[in-house]
Each structure stands twice: as structure tokens, then as C-alpha cells.
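Read the structure below first, then the notes.
Remember, it's 1-based here, ligands and their atoms both numbered in the order they're listed.
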Amino acid sequence: MSKREFVEKAYALAKEQYAELGVDTEQVLREMEKVVVSLHCWQTDDVGGFETPDAELSGGGIQATGNYPGKARSIAEMRNDLEKVLSLLPGKHRLNLHAIYGDFQGEKVDRNQIEVKHYQSWIDWCKENNLGMDFNASCFSHPKADSGYTLSSKDESVRSFWVEHLKRCREISAEAGKQLGTPCVHNTWIPDGSKDTPVDRNGYREILKKSLDEAMTVDYPKEHMKDAVESKLFGIGAESMTVGSHDFYLGYALSRNKMICLDNGHFHPTEQVGDKISACLQFIDEVLLHVTRPIRWDSDHVVTLNEDVQLIASEIVRNNYLDRVKIGLDFFDASINRIGAYVVGTRAAKKAFMYAMLEPTAKLVEMEEAGQNFERMAMLEELKGKPFGAVWDYYCLQNNVPVGEDFIEVIQQYEKDVLLKRN
Ligand code: RNT
Ligand code: ZN
């Protein structure tokens, strides 16, 4: 039997099994088109960026560990890598770019000087590759972030520098969204915080509020760009207080009609972002996700199909929230093949959505409402043994990307032909 025949046969059986539960797998395959994942460019080069001179990743406890060979050293290499990654992923995508990845052509352009022209080649590349674009201010890895404070700094020259950066990033975002015909989500994350117990928590938060308001005075059309703000509990070296905490940004997003960005590495380990989605969406129009895998801290390990990610996907699918939740990724592992990391993590995130779609939700809710809690639990457990993998394989086949583990070989070949030659 050929691989294709095998996958088709397995799918046909899976389709019947799911149909018995009242789940239409054909419908699921169509729905997967709505799962658009924004690819975080920074997995290709450990959040380094292409500024001149090279910036070292620093600030706020974001850290890439490892020195596996093959890191992208230029825009050309990064695009090559991204194209490879895209060829191994089923479904639709966007590009999520950080400001430090501008096309600066060897020129020194400080963060308060960036313009649309520095990102035009990325916008063009997105157009060629049929991708929407998302964008991020880069308020770290910079001498003006060394104090540990950026937008909330009490030093006016530092604060206004970052306000200017943010203004420009929003303008670039709006232009990208306009050119590409799909709104660009601009996310603001800042590392600001304190290692030891601060006294003036309130002071920093007042300043941050003022800086955000200042940077966001221009109201761009929502078809061009949308603002998101990303909260965090703590960072390494900023353990005692994070200025932009969840309470702070939830209030900000609510009062200013912004999106809230939920990164599942940014909460206490017993808190689940999956639980926060339906809470936030009662009051906020849209949520941005940073899907990641925190291990003991916000370590940004490669996403795997674990319970946390599953709950996030299931909550979105169960409640028909795919239109209101934008899916971004935020992991960076420099200790393994970076393309492999990228593909495994992104495929895992997509799998979580497909798994969620293969759930007979209405039936489960019925049980729940009838107080049949043993039955609900039994059903949820039995679902784990259903042939989800057969549907996933078929989806990959349909999308002309490697089925099952076949992508491993492709990445090994790319490592040999391209990545290892970079050193
Ligand atoms: C840091 C935040 C932030 C960054 C990226 C690079 O803790 O998660 O989103 O990881 O912007
Ligand atoms: Zn994040």
C-alpha cells in the first residue's frame, strides 16, 4: 500500500468513528482553514535581530539558551528558513515581526528612527508569500533598556525615546496592514520591573499609563492595525515587581478598547491561560495569544501538545472564538535545530485546535447540565484514544506537506545542505 493509500484508508475509518460521536471530520478539515497562526520570526535567530551593530538578547528575563549551529544571520537566511518552515506546515499563516528585524541595509538606525521603508521588503515578502503581518515594538536588548525600565522609566530621556519607538512601530504596523489588506496586530511588551522590593510601584505604573496613552494617540483604522498589550508576572532579574502586570494591562485594554495579549508563560504555573479566554472575552473584543511552553519559569520552550495548550485551543473552539482570538507563538530554543523547533512547535499548536474540533461538545455540555459528571469525565478520557492522528495525517496530505514524522528527514537534509554551512 502506498503512503497515500494508507493515510486515506486510516482517515476513512477515523471519519466513521467520529461520525458515530456526531463529529463531522470533513467539517473539521474545512474549519482548520480558520486556524491562522502568526509565525514569530525570532525562533530562527534567538531573538537577535539585524541591527548594526548586532544586539545581544537582554532584558526582562527573556533568554535563549544553547548554541546549536545554523542560526539565521541575515534577512536572506531568515527568509530562507521561514520558507522552509512554511513548506512543512499545513494551513494558513502570518508573519510576526519584531522591530529589530528591519531591513537596515547595514545602516545604523536607532529604534526611535525606524520608518516604513525599513520594513517595506518584509511587507513585500509577506505579499509574495500570501501572509498577513503582525508587528512588535522591541523594548529590550538596547542601552536605553539597561536600567530595567523603558516606557515606565523615571528618566524622561529614556521614557520619551521608547514612546517615540512605539509610535513609529504603530505607524509601520498600520502601513503593513493597509498594504497587505489584513489588520496588523501590534503587540507591546516591555521588560520593566524591579529585582528587589520597590517602594514606588504606583509611580511606575502611572508613568507607563501616561506613556502608552501618549504613544497611542494616533487612532489608526482597525482594518489596518490593532493594538495589543502583553502582561507578565515576573522576569529573571525582575522578580519583585513587573510594571505591566496582568491587572494593569487588563485595565488598560478594557478602558482603551485594546486587545490583551495572553502569553501562557506569563502567569503563575497553576494558572491556566485557557481559563482566562472566556473571562476576558466577556468584556474585551479580541485577545492575542502567545502560545509557549514554560518549564518552571517563562522559559519559552518549544510548544508541545500538552494540557495547557489543549485547554487554550479547546476553549477557543468550544465557544466559536476563532474570530476573536489571534494566535501567535512565542518560543525560542537555541539548543536544537531551530527549524525543527519551529515546525514541531507550530504543528503542535495546530494539532491542539484540530483535537478540539474533534470533540462532541454539545453532547458533553448536555451531560454537564444533567449533572452527569462521571459520564463527562469518561467521555473526555475516551476521546484521547480516538484516531485523531489519522485525521491530522489526512489534513497534512490534503495540504501537500509531509505526513507524520516525514518532515524530520526534510529538516535533516536542510541542516546538511544549508544550516551547517553557515558556520
Ligand atoms: C517576553 C514576552 C515577549 C517576548 C517577545 C520576543 O517575556 O513574552 O512576548 O518573548 O516579544
Ligand atoms: Zn510573549
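Ranking protein heavy atoms by distance to atom 11 (O) of ligand 1, first place goes to His98 NE2, 2.7 Å. Given atom 10 (O) of ligand 1, the protein heavy atom at minimum distance is Asp330 OD2, 2.7 Å. If you check which protein heavy atom lies closest to atom 7 (O) of ligand 1, you get Lys232 NZ, 2.7 Å. Nearest protein heavy-atom contact of atom 1 (C) of ligand 1 is Ile62 CG2, 3.1 Å. If you check which protein heavy atom lies closest to atom 9 (O) of ligand 1, you get Glu230 OE1, 2.8 Å.
Under the 6.0 Å distance and 45° angle rule, Lys276 counts as a cation-pi partner of Phe267.
To the nearest 0.5 Å, the span separating SG on Cys126 from CZ on Arg94 amounts to 8.5 Å. To the nearest 0.5 angstrom, Tyr204 atom OH is 7.5 Å from Ser153 atom OG. To the nearest 0.5 Å, atoms CH2 (Trp42) and CG (Asn136) are separated by 4.5 Å.
Close approach of ligand 1 to Trp42 (heavy-atom distance below 4.0 Å) involves ligand atoms 5 (C), 6 (C). Here is the list of ligand 1 atoms found below 4.0 Å of a heavy atom in His290: 9 (O). In summary, the atoms of ligand 1 found under 4.0 Å from a heavy atom of Asp298, numbered by their order in the structure, are 7 (O).
Annotation for Lys209 and Tyr252: closest pair O-CE1, 4.2 Å, computed over non-hydrogen atoms. The two residues Leu95 and Cys41 make their nearest non-hydrogen contact at CD1-CB, 4.1 Å. A pairwise comparison of heavy atoms in Gly274 and Ile312 identifies N-CG1, 3.6 Å as the closest pair. Counting all heavy atoms, side chain and backbone alike, Phe135 lies closest to Ser173 at CB-OG, 3.4 Å.
Residue Asp263 has at least one nitrogen or oxygen atom sitting less than 3.5 Å from a nitrogen or oxygen atom of ligand 1, judged on distance alone.
A side-chain donor-acceptor contact under 3.5 Å links Arg293 to the backbone of Val302.
Heavy-atom separations between His266 and ligand 1 include at least one value shorter than 4.0 Å.
Near the Zn ion (ligand 2), less than 2.8 Å away, sit the protein N, O or S atoms Glu230 OE2, Asp263 OD2, His290 ND1, Asp330 OD2.
Arg318 and Thr361 are not linked by any side-chain donor-acceptor pair at a separation below 3.5 angstrom, with hydrogens and angles left out of the test. With no hydrogens or angles considered, no side-chain donor-acceptor pair links Ser245 and Arg201 at under 3.5 Å.
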